[in-house]
Amino acid sequence: MTIEPRNLHHVVIVGAGFGGLETTHRLAGAPVRITLIDRRNHHLFQPLLYQVATASLSTSEIAWPIRYLVRDRPEVTTLFGTVTGIDAANRRVQLEDGTEVAYDTLVLATGARHAYFGHDEWEPFAPGLKTLEDATTLRRRILVAFERAERETDPAKRAALMTFVIIGAGPTGVELAGTIAELARSTLPPDFRNIDTHGTRVLLIEAGPRVLAGFPDDLSAYALKSLERIGVEVVLRQPVTDCNADGVVYGGKQLDAKTIIWAAGVRASRAAEWLNAPADRAGRLQVAPDLTVPGHPEIFAIGDTITIPAWNGQPVPGIAPAAKQEGRYVAEAIKARLGGRSLSPFRYSHAGSLAQIGKRLAVIDFGWLKLRGAIAWWIWGLAHIYFLIGLRNRLAVALSWLWIHARDQRAARLITQGSSKVMD
(Lines give C-alpha, C1' and ligand atoms only; values in the text may rest on other atoms or scores of the structure.)
Protein backbone atom coordinates (compact mmCIF):
# COMPACT_ATOMS: atom_id res chain seq x y z
CA MET A 1 0.00 0.00 0.00
CA THR A 2 1.27 3.47 -0.90
CA ILE A 3 -0.06 6.80 0.33
CA GLU A 4 0.16 8.92 -2.84
CA PRO A 5 0.83 12.66 -2.74
CA ARG A 6 -1.85 15.12 -3.72
CA ASN A 7 -1.24 18.40 -5.57
CA LEU A 8 0.72 20.35 -2.96
CA HIS A 9 4.45 19.81 -2.45
CA HIS A 10 4.64 16.96 0.07
CA VAL A 11 7.11 17.27 2.96
CA VAL A 12 7.59 14.13 5.04
CA ILE A 13 9.24 14.63 8.44
CA VAL A 14 10.47 11.56 10.30
CA GLY A 15 10.74 12.25 14.02
CA ALA A 16 8.74 14.62 16.24
CA GLY A 17 11.57 15.69 18.51
CA PHE A 18 12.87 19.23 18.81
CA GLY A 19 14.13 19.41 15.22
CA GLY A 20 11.14 17.76 13.56
CA LEU A 21 8.59 19.84 15.45
CA GLU A 22 10.50 23.05 14.76
CA THR A 23 10.50 22.28 11.03
CA THR A 24 6.76 21.58 11.17
CA HIS A 25 6.10 24.78 13.11
CA ARG A 26 8.18 26.97 10.80
CA LEU A 27 6.49 25.61 7.65
CA ALA A 28 3.15 27.05 8.76
CA GLY A 29 1.65 29.06 5.89
CA ALA A 30 3.95 27.55 3.24
CA PRO A 31 2.36 25.95 0.14
CA VAL A 32 3.05 22.43 1.34
CA ARG A 33 1.33 19.54 2.99
CA ILE A 34 3.19 17.74 5.74
CA THR A 35 3.24 14.16 6.98
CA LEU A 36 4.84 13.83 10.41
CA ILE A 37 5.88 10.27 11.29
CA ASP A 38 7.00 9.09 14.72
CA ARG A 39 7.22 5.71 16.43
CA ARG A 40 5.74 7.27 19.57
CA ASN A 41 2.63 9.37 19.92
CA HIS A 42 4.28 12.07 22.01
CA HIS A 43 6.90 14.79 21.86
CA LEU A 44 9.35 14.52 24.75
CA PHE A 45 11.22 17.32 26.50
CA GLN A 46 14.33 15.19 26.84
CA PRO A 47 16.48 17.60 28.93
CA LEU A 48 14.24 16.89 31.93
CA LEU A 49 13.91 13.16 31.38
CA TYR A 50 16.30 12.43 34.25
CA GLN A 51 13.89 14.20 36.61
CA VAL A 52 11.22 11.61 35.79
CA ALA A 53 13.78 8.85 36.41
CA THR A 54 14.58 10.33 39.82
CA ALA A 55 10.96 10.88 40.90
CA SER A 56 11.04 14.69 40.68
CA LEU A 57 8.54 15.07 37.84
CA SER A 58 5.77 12.96 36.33
CA THR A 59 5.70 11.84 32.71
CA SER A 60 2.81 14.12 31.73
CA GLU A 61 4.81 17.19 32.77
CA ILE A 62 7.50 16.71 30.12
CA ALA A 63 5.63 15.05 27.23
CA TRP A 64 2.73 16.07 24.98
CA PRO A 65 0.67 14.13 22.39
CA ILE A 66 1.90 15.00 18.90
CA ARG A 67 -1.65 15.19 17.54
CA TYR A 68 -2.50 17.76 20.20
CA LEU A 69 0.47 19.92 19.19
CA VAL A 70 -0.59 20.05 15.51
CA ARG A 71 -4.37 19.97 15.99
CA ASP A 72 -4.77 23.46 14.49
CA ARG A 73 -2.71 22.60 11.41
CA PRO A 74 -5.04 20.94 8.86
CA GLU A 75 -2.17 20.56 6.38
CA VAL A 76 -0.31 18.30 8.83
CA THR A 77 -1.06 14.57 8.94
CA THR A 78 0.41 12.60 11.83
CA LEU A 79 1.30 8.93 11.37
CA PHE A 80 2.05 6.65 14.32
CA GLY A 81 4.54 4.22 12.83
CA THR A 82 8.11 2.94 12.71
CA VAL A 83 10.31 3.74 9.73
CA THR A 84 12.40 0.77 8.58
CA GLY A 85 13.99 2.13 5.41
CA ILE A 86 14.05 4.70 2.64
CA ASP A 87 13.71 4.06 -1.09
CA ALA A 88 15.57 7.19 -2.17
CA ALA A 89 15.39 6.34 -5.88
CA ASN A 90 11.59 6.34 -5.83
CA ARG A 91 11.23 8.84 -2.98
CA ARG A 92 9.41 6.53 -0.60
CA VAL A 93 9.62 6.13 3.18
CA GLN A 94 9.10 2.51 4.19
CA LEU A 95 7.18 1.66 7.35
CA GLU A 96 7.25 -1.46 9.50
CA ASP A 97 3.74 -2.57 8.43
CA GLY A 98 4.66 -2.55 4.72
CA THR A 99 3.16 0.89 4.06
CA GLU A 100 5.15 3.35 1.95
CA VAL A 101 4.79 7.13 2.17
CA ALA A 102 5.79 9.12 -0.93
CA TYR A 103 7.57 12.44 -0.51
CA ASP A 104 8.80 15.40 -2.52
CA THR A 105 11.07 16.58 0.31
CA LEU A 106 12.15 14.39 3.21
CA VAL A 107 13.40 15.63 6.59
CA LEU A 108 15.12 13.07 8.81
CA ALA A 109 15.04 14.02 12.50
CA THR A 110 15.35 10.52 13.88
CA GLY A 111 17.52 11.20 16.92
CA ALA A 112 19.93 8.87 18.68
CA ARG A 113 20.02 5.75 20.83
CA HIS A 114 22.34 4.32 23.48
CA ALA A 115 25.87 3.29 22.50
CA TYR A 116 27.69 0.66 24.54
CA PHE A 117 30.92 0.78 22.52
CA GLY A 118 30.61 -2.76 21.25
CA HIS A 119 29.18 -4.19 24.48
CA ASP A 120 25.46 -4.31 23.79
CA GLU A 121 25.23 -7.22 26.22
CA TRP A 122 25.57 -4.66 29.03
CA GLU A 123 22.24 -2.98 28.25
CA PRO A 124 20.01 -5.24 30.43
CA PHE A 125 22.21 -4.45 33.44
CA ALA A 126 22.93 -0.77 32.65
CA PRO A 127 19.95 0.81 30.89
CA GLY A 128 20.27 4.25 29.35
CA LEU A 129 17.92 7.21 29.39
CA LYS A 130 16.39 8.29 26.08
CA THR A 131 12.64 7.64 26.32
CA LEU A 132 9.78 7.88 28.81
CA GLU A 133 9.87 4.10 29.06
CA ASP A 134 13.55 4.30 30.02
CA ALA A 135 12.77 6.93 32.66
CA THR A 136 9.94 5.02 34.30
CA THR A 137 12.01 1.82 34.25
CA LEU A 138 14.93 3.58 35.96
CA ARG A 139 12.60 5.22 38.48
CA ARG A 140 11.22 1.81 39.30
CA ARG A 141 14.69 0.27 39.71
CA ILE A 142 15.85 3.10 41.97
CA LEU A 143 12.80 3.00 44.24
CA VAL A 144 12.62 -0.81 44.30
CA ALA A 145 16.26 -0.93 45.39
CA PHE A 146 15.41 1.00 48.56
CA GLU A 147 12.30 -1.14 49.15
CA ARG A 148 14.33 -4.33 48.89
CA ALA A 149 17.04 -2.92 51.12
CA GLU A 150 14.40 -2.22 53.78
CA ARG A 151 13.59 -5.96 53.88
CA GLU A 152 17.13 -7.31 53.39
CA THR A 153 18.90 -8.72 56.46
CA ASP A 154 22.22 -9.67 54.81
CA PRO A 155 24.58 -6.64 55.20
CA ALA A 156 26.46 -7.30 51.93
CA LYS A 157 23.26 -7.65 49.89
CA ARG A 158 21.79 -4.57 51.55
CA ALA A 159 24.94 -2.58 50.68
CA ALA A 160 24.69 -3.67 47.03
CA LEU A 161 21.06 -2.59 46.91
CA MET A 162 22.00 0.81 48.31
CA THR A 163 24.82 1.33 45.80
CA PHE A 164 24.00 3.25 42.62
CA VAL A 165 26.46 3.53 39.74
CA ILE A 166 26.20 6.04 36.92
CA ILE A 167 28.59 5.50 34.02
CA GLY A 168 29.54 8.66 32.16
CA ALA A 169 30.05 12.14 33.63
CA GLY A 170 28.50 14.32 30.97
CA PRO A 171 25.50 16.54 31.84
CA THR A 172 23.09 13.58 32.08
CA GLY A 173 25.40 11.57 34.32
CA VAL A 174 26.15 14.53 36.58
CA GLU A 175 22.47 15.44 36.87
CA LEU A 176 21.46 11.85 37.65
CA ALA A 177 24.19 11.36 40.25
CA GLY A 178 23.43 14.62 42.05
CA THR A 179 19.69 14.03 42.12
CA ILE A 180 19.93 10.41 43.33
CA ALA A 181 22.29 11.53 46.10
CA GLU A 182 19.87 14.22 47.24
CA LEU A 183 16.92 11.81 46.97
CA ALA A 184 18.72 9.44 49.35
CA ARG A 185 19.96 12.08 51.77
CA SER A 186 17.16 14.64 51.83
CA THR A 187 13.88 13.08 50.68
CA LEU A 188 13.84 9.44 51.78
CA PRO A 189 15.32 9.29 55.33
CA PRO A 190 12.01 9.83 57.21
CA ASP A 191 10.22 7.18 55.11
CA PHE A 192 12.19 4.08 56.14
CA ARG A 193 12.58 2.28 59.46
CA ASN A 194 15.15 -0.49 58.90
CA ILE A 195 17.66 1.35 56.73
CA ASP A 196 19.37 4.70 56.96
CA THR A 197 19.30 6.09 53.42
CA HIS A 198 22.07 8.53 54.36
CA GLY A 199 24.37 5.53 53.90
CA THR A 200 23.52 5.22 50.21
CA ARG A 201 26.54 5.13 47.89
CA VAL A 202 26.29 6.99 44.59
CA LEU A 203 29.26 6.51 42.26
CA LEU A 204 29.85 8.48 39.08
CA ILE A 205 32.43 6.71 36.93
CA GLU A 206 34.12 8.51 34.03
CA ALA A 207 36.80 7.17 31.70
CA GLY A 208 38.09 10.68 31.00
CA PRO A 209 40.04 13.04 33.23
CA ARG A 210 37.15 15.27 34.38
CA VAL A 211 33.41 15.64 34.72
CA LEU A 212 31.44 17.83 32.28
CA ALA A 213 34.23 17.65 29.71
CA GLY A 214 32.40 20.07 27.42
CA PHE A 215 32.54 22.86 30.02
CA PRO A 216 35.52 25.10 30.90
CA ASP A 217 38.01 23.69 33.38
CA ASP A 218 36.95 25.94 36.26
CA LEU A 219 33.26 24.99 35.96
CA SER A 220 34.20 21.32 35.65
CA ALA A 221 36.28 21.58 38.84
CA TYR A 222 33.39 23.33 40.62
CA ALA A 223 30.99 20.57 39.53
CA LEU A 224 33.37 17.91 40.84
CA LYS A 225 33.68 19.58 44.26
CA SER A 226 29.92 20.14 44.45
CA LEU A 227 29.15 16.51 43.65
CA GLU A 228 31.56 15.32 46.32
CA ARG A 229 30.06 17.76 48.82
CA ILE A 230 26.58 16.25 48.38
CA GLY A 231 27.93 12.74 48.76
CA VAL A 232 28.67 11.51 45.23
CA GLU A 233 31.83 9.44 44.84
CA VAL A 234 33.44 10.52 41.56
CA VAL A 235 35.84 8.09 39.87
CA LEU A 236 37.89 9.56 37.02
CA ARG A 237 40.24 7.98 34.44
CA GLN A 238 38.69 4.57 35.07
CA PRO A 239 36.79 3.01 32.16
CA VAL A 240 34.20 0.39 33.04
CA THR A 241 35.24 -2.98 31.62
CA ASP A 242 32.15 -5.02 32.50
CA CYS A 243 28.53 -4.64 33.60
CA ASN A 244 26.76 -7.69 34.99
CA ALA A 245 23.94 -8.78 37.26
CA ASP A 246 26.11 -8.24 40.34
CA GLY A 247 27.55 -4.84 39.50
CA VAL A 248 30.38 -3.27 37.50
CA VAL A 249 34.08 -3.85 36.97
CA TYR A 250 36.43 -0.87 36.77
CA GLY A 251 40.08 -0.49 37.61
CA GLY A 252 40.34 -4.29 37.65
CA LYS A 253 37.92 -4.70 40.57
CA GLN A 254 34.29 -5.69 40.93
CA LEU A 255 31.89 -3.32 42.69
CA ASP A 256 28.63 -4.91 43.82
CA ALA A 257 25.71 -2.68 42.85
CA LYS A 258 22.13 -3.53 41.93
CA THR A 259 21.36 -0.28 40.09
CA ILE A 260 23.56 0.77 37.16
CA ILE A 261 22.69 3.59 34.76
CA TRP A 262 24.40 4.15 31.42
CA ALA A 263 25.12 7.78 30.49
CA ALA A 264 28.37 7.28 28.61
CA GLY A 265 27.48 7.64 24.97
CA VAL A 266 24.95 7.60 22.17
CA ARG A 267 24.74 6.33 18.62
CA ALA A 268 22.72 7.95 15.86
CA SER A 269 19.65 6.28 14.40
CA ARG A 270 19.99 4.09 11.31
CA ALA A 271 19.38 6.93 8.85
CA ALA A 272 22.86 6.65 7.33
CA GLU A 273 22.33 2.91 6.80
CA TRP A 274 18.96 3.50 5.14
CA LEU A 275 20.59 5.81 2.61
CA ASN A 276 24.00 4.13 2.33
CA ALA A 277 25.40 7.56 3.11
CA PRO A 278 28.70 8.60 4.74
CA ALA A 279 28.69 8.62 8.54
CA ASP A 280 31.09 9.11 11.44
CA ARG A 281 32.04 6.49 14.03
CA ALA A 282 28.86 7.19 16.02
CA GLY A 283 26.70 6.55 12.95
CA ARG A 284 25.85 10.23 12.41
CA LEU A 285 25.14 11.30 8.85
CA GLN A 286 27.76 13.61 7.36
CA VAL A 287 25.59 16.20 5.69
CA ALA A 288 26.33 19.02 3.25
CA PRO A 289 26.55 22.67 4.43
CA ASP A 290 22.84 23.12 3.63
CA LEU A 291 21.93 20.07 5.81
CA THR A 292 21.11 17.88 2.81
CA VAL A 293 22.33 14.32 2.38
CA PRO A 294 25.16 14.14 -0.19
CA GLY A 295 23.74 13.11 -3.55
CA HIS A 296 20.16 13.68 -2.39
CA PRO A 297 19.28 17.39 -2.38
CA GLU A 298 15.65 16.49 -1.66
CA ILE A 299 16.60 14.89 1.69
CA PHE A 300 17.48 17.00 4.73
CA ALA A 301 18.78 15.60 8.04
CA ILE A 302 18.98 17.39 11.39
CA GLY A 303 19.55 16.94 15.12
CA ASP A 304 21.31 13.97 16.69
CA THR A 305 21.02 12.19 13.33
CA ILE A 306 23.87 14.23 11.83
CA THR A 307 27.32 15.68 12.27
CA ILE A 308 28.34 18.97 10.65
CA PRO A 309 31.24 21.37 11.41
CA ALA A 310 29.00 24.45 11.42
CA TRP A 311 30.08 25.88 14.78
CA ASN A 312 33.21 27.86 13.93
CA GLY A 313 34.58 24.74 12.29
CA GLN A 314 33.61 22.50 15.22
CA PRO A 315 30.88 19.84 15.18
CA VAL A 316 27.48 21.16 16.21
CA PRO A 317 26.63 19.74 19.68
CA GLY A 318 23.80 17.24 20.01
CA ILE A 319 21.54 19.43 22.14
CA ALA A 320 17.97 20.67 21.82
CA PRO A 321 18.78 24.30 20.79
CA ALA A 322 20.96 22.99 17.95
CA ALA A 323 18.19 20.73 16.67
CA LYS A 324 15.73 23.62 16.80
CA GLN A 325 18.09 25.90 14.86
CA GLU A 326 18.56 23.21 12.22
CA GLY A 327 14.82 22.64 11.99
CA ARG A 328 14.26 26.36 11.52
CA TYR A 329 16.93 26.48 8.79
CA VAL A 330 15.43 23.51 6.91
CA ALA A 331 11.96 25.06 6.95
CA GLU A 332 13.38 28.29 5.53
CA ALA A 333 15.35 26.32 2.93
CA ILE A 334 12.22 24.49 1.77
CA LYS A 335 10.28 27.74 1.48
CA ALA A 336 13.18 29.36 -0.37
CA ARG A 337 13.33 26.50 -2.88
CA LEU A 338 9.62 26.70 -3.54
CA GLY A 339 10.10 30.41 -4.21
CA GLY A 340 13.05 29.84 -6.55
CA ARG A 341 15.63 31.11 -4.05
CA SER A 342 18.53 29.56 -2.12
CA LEU A 343 19.98 30.05 1.34
CA SER A 344 23.53 30.45 2.55
CA PRO A 345 25.00 27.45 4.44
CA PHE A 346 23.75 26.63 7.91
CA ARG A 347 25.64 28.19 10.81
CA TYR A 348 25.04 27.24 14.42
CA SER A 349 24.83 29.93 17.09
CA HIS A 350 25.63 28.60 20.57
CA ALA A 351 23.57 30.25 23.32
CA GLY A 352 25.33 28.49 26.19
CA SER A 353 25.74 25.22 28.10
CA LEU A 354 23.82 24.42 31.28
CA ALA A 355 23.95 21.55 33.76
CA GLN A 356 22.31 21.03 37.12
CA ILE A 357 24.45 19.47 39.84
CA GLY A 358 22.03 19.41 42.74
CA LYS A 359 18.87 20.96 44.13
CA ARG A 360 20.41 24.41 44.45
CA LEU A 361 23.55 23.98 42.35
CA ALA A 362 24.21 24.36 38.63
CA VAL A 363 26.84 25.59 36.20
CA ILE A 364 26.26 27.75 33.12
CA ASP A 365 28.72 28.67 30.38
CA PHE A 366 27.55 31.49 28.13
CA GLY A 367 31.05 31.87 26.69
CA TRP A 368 31.27 35.53 27.67
CA LEU A 369 29.92 34.78 31.15
CA LYS A 370 30.28 31.83 33.51
CA LEU A 371 27.91 31.23 36.40
CA ARG A 372 27.84 28.65 39.18
CA GLY A 373 25.92 27.86 42.34
CA ALA A 374 22.45 29.00 43.34
CA ILE A 375 22.08 31.80 40.80
CA ALA A 376 23.00 29.40 38.00
CA TRP A 377 20.42 26.93 39.36
CA TRP A 378 17.64 29.55 39.19
CA ILE A 379 18.61 30.54 35.65
CA TRP A 380 18.80 26.86 34.66
CA GLY A 381 15.27 26.34 36.01
CA LEU A 382 13.81 29.41 34.33
CA ALA A 383 15.40 28.46 31.00
CA HIS A 384 13.91 24.97 31.09
CA ILE A 385 10.47 26.20 32.16
CA TYR A 386 10.51 28.73 29.31
CA PHE A 387 11.02 26.00 26.69
CA LEU A 388 8.25 23.74 28.03
CA ILE A 389 5.07 23.63 25.96
CA GLY A 390 1.90 25.04 27.51
CA LEU A 391 1.11 27.16 30.54
CA ARG A 392 -0.19 24.19 32.56
CA ASN A 393 3.09 22.31 32.22
CA ARG A 394 5.17 25.36 33.06
CA LEU A 395 3.15 25.95 36.22
CA ALA A 396 3.19 22.26 37.19
CA VAL A 397 6.96 21.96 36.81
CA ALA A 398 7.60 25.27 38.59
CA LEU A 399 5.41 24.19 41.54
CA SER A 400 7.10 20.78 41.70
CA TRP A 401 10.54 22.38 41.83
CA LEU A 402 9.49 24.92 44.43
CA TRP A 403 8.10 22.11 46.59
CA ILE A 404 11.35 20.16 46.28
CA HIS A 405 13.33 23.33 47.01
CA ALA A 406 11.29 24.16 50.11
CA ARG A 407 10.40 20.73 51.53
CA ASP A 408 12.82 18.19 50.00
CA GLN A 409 9.83 16.19 48.81
CA ARG A 410 9.45 14.52 45.42
CA ALA A 411 5.83 13.65 44.72
CA ALA A 412 6.41 11.25 41.77
CA ARG A 413 7.78 8.38 43.89
CA LEU A 414 5.51 5.77 42.32
CA ILE A 415 6.59 2.22 41.55
CA THR A 416 4.69 1.13 38.46
CA GLN A 417 4.86 -1.78 35.98
CA GLY A 418 4.69 -4.46 38.67
CA SER A 419 4.17 -5.30 42.32
CA SER A 420 6.22 -6.43 45.31
CA LYS A 421 5.93 -10.04 44.09
CA VAL A 422 7.95 -9.34 40.95
CA MET A 423 10.47 -6.64 41.73
CA ASP A 424 13.20 -6.93 39.08
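Hydrogens, waters and symmetry mates play no part in the numbers below; they use all other heavy atoms, side chains included. Just so you know, residue 1 is the first one in the sequence shown, and it goes up from there.
- Applying the ring pair (Phe, Tyr, Trp, His ring centres under 6.0 Å) criterion to His350, with sequence neighbours excluded, gives Trp311, Tyr348.
- With Ile166 as the partner, the side-chain contact (heavy atoms from CB on, under 4.5 Å) test is satisfied by one option alone out of Val174, Ile260, Val202: Val202.
- Contact annotation: the side chain of Val83 never approaches that of Gln94 to less than 4.5 Å [non-hydrogen atoms, C-beta and beyond].
- Aromatic rings of Trp378 and Trp401 (six-membered ring for Trp) have centroids beyond the 6.0 Å cut-off, not under it.
- Residues Arg92 and Ile86 fail the side-chain proximity criterion, which asks for heavy atoms closer than 4.5 Å.
- In summary, the side chains of Asp134 and Thr131 do present a donor paired with an acceptor at a separation below 3.5 Å, with no hydrogens or angles considered.
- Side-chain contact check for Thr54 and Thr179: no donor-acceptor pair (N or O, by modelled atom type) lies under 3.5 Å.
- Proximity of a side-chain donor or acceptor of Arg267 to a complementary backbone N or O of Arg281 within less than 3.5 Å is detected.
- Thr292 places no side-chain N or O within donor-acceptor distance of the main-chain N or O of Ala288, the cut-off being under 3.5 Å.
- The existence of a salt bridge linking Lys157 and Glu152 is excluded, since no basic side-chain nitrogen approaches an acidic carboxylate oxygen closer than 4.0 Å.
- Considering only residues two or more places apart in sequence or on other chains, Tyr222 meets the ring pair (Phe, Tyr, Trp, His ring centres under 6.0 Å) condition with none of them.
- Between Leu21 and Thr23 there is no side-chain heavy-atom pair separated by less than 4.5 Å.
- Between Glu22 and Arg26, at least one side-chain nitrogen of the basic residue sits less than 4.0 Å from a carboxylate oxygen of the acidic one, meeting the salt-bridge criterion.
- Every side chain to side chain contact (heavy atoms under 4.5 Å, CB included) that Ala277 has, sequence neighbours left out, goes to Leu275, Leu285, Val293.
- Side-chain contact between Tyr103 and Ile299 is present, with at least one heavy-atom pair separated by less than 4.5 Å.
- Listed by first and then second residue, the salt bridge (charged side-chain N to carboxylate O under 4.0 Å, His left out) pairs involving residues 183-192 are Asp191-Arg413 (not counting sequence neighbours).
- Sequence neighbours left out, the pairs with a member in residues 360-372 that pass salt bridge (charged side-chain N to carboxylate O under 4.0 Å, His left out) are Asp218-Lys370, Asp218-Arg372.
- When Leu204, Ile167, Leu176 are each tested for a side-chain contact (heavy atoms from CB on, under 4.5 Å) with Ile261, only one passes: Leu176.
- Not a single ring pair (Phe, Tyr, Trp, His ring centres under 6.0 Å) links Phe215 to another residue, sequence neighbours left out.
- Residues satisfying the ring pair (Phe, Tyr, Trp, His ring centres under 6.0 Å) test with His43, not counting sequence neighbours, are Phe18, Trp64.
- The CD1 atom of Ile319 sits 12.5 Å away from the CD atom of Gln46 when rounded to the nearest 0.5 Å.
- Scanning for side-chain hydrogen bond (donor to acceptor under 3.5 Å, both in side chains) contacts around Thr35 gives His10, with sequence neighbours left out.
- A donor-acceptor pair is defined here as one N or O able to donate and one able to accept, closer than 3.5 Å; no such pair exists between the side chain of Glu100 and the backbone of Val93.
- Leu183 is listed as a side-chain neighbour of Ile142, based on a closest heavy-atom distance under 4.5 Å.
- Inter-residue side-chain proximity for Val52 and Ile62 is flagged as met; some heavy-atom pair is nearer than 4.5 Å.
- Partners of Asp196 according to the side-chain hydrogen bond (donor to acceptor under 3.5 Å, both in side chains) rule, which considers only residues two or more places apart in sequence or in another chain, are His198.
- Thr24 places a side-chain heavy atom less than 4.5 Å from the side chain of Arg73.
- Ser269 contributes no side-chain N or O that, together with a main-chain N or O of Ala112, makes up a donor-acceptor pair within less than 3.5 Å.
- Salt bridge status for Arg201 with Glu233: present, with a side-chain N to carboxylate O gap under 4.0 Å.
- Taking the salt bridge (charged side-chain N to carboxylate O under 4.0 Å, His left out) definition, one finds that Glu133 meets it with Arg40, sequence neighbours left out.
- Gln325 meets the side-chain hydrogen bond (donor to acceptor under 3.5 Å, both in side chains) test with no other residue; sequence neighbours excluded.
- In this structure the side chain of Glu332 reaches within 4.5 angstrom of the side chain of Leu343, judged on heavy atoms.
- Residues passing the side-chain hydrogen bond (donor to acceptor under 3.5 Å, both in side chains) test with Asp154, sequence neighbours excluded: none.
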Kindly indicate, with the supporting measurements, whether the criterion side chain to side chain donor-acceptor pair (under 3.5 Å) is fulfilled by Glu121 and Tyr116. CA-CA 8 Å; Glu121 71 275 10; Tyr116 290 85; over 6 Å; no
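- Contact check on Asp304 versus Arg284 returns no salt bridge, with no Lys/Arg side-chain nitrogen under 4.0 Å from an Asp/Glu carboxylate oxygen.
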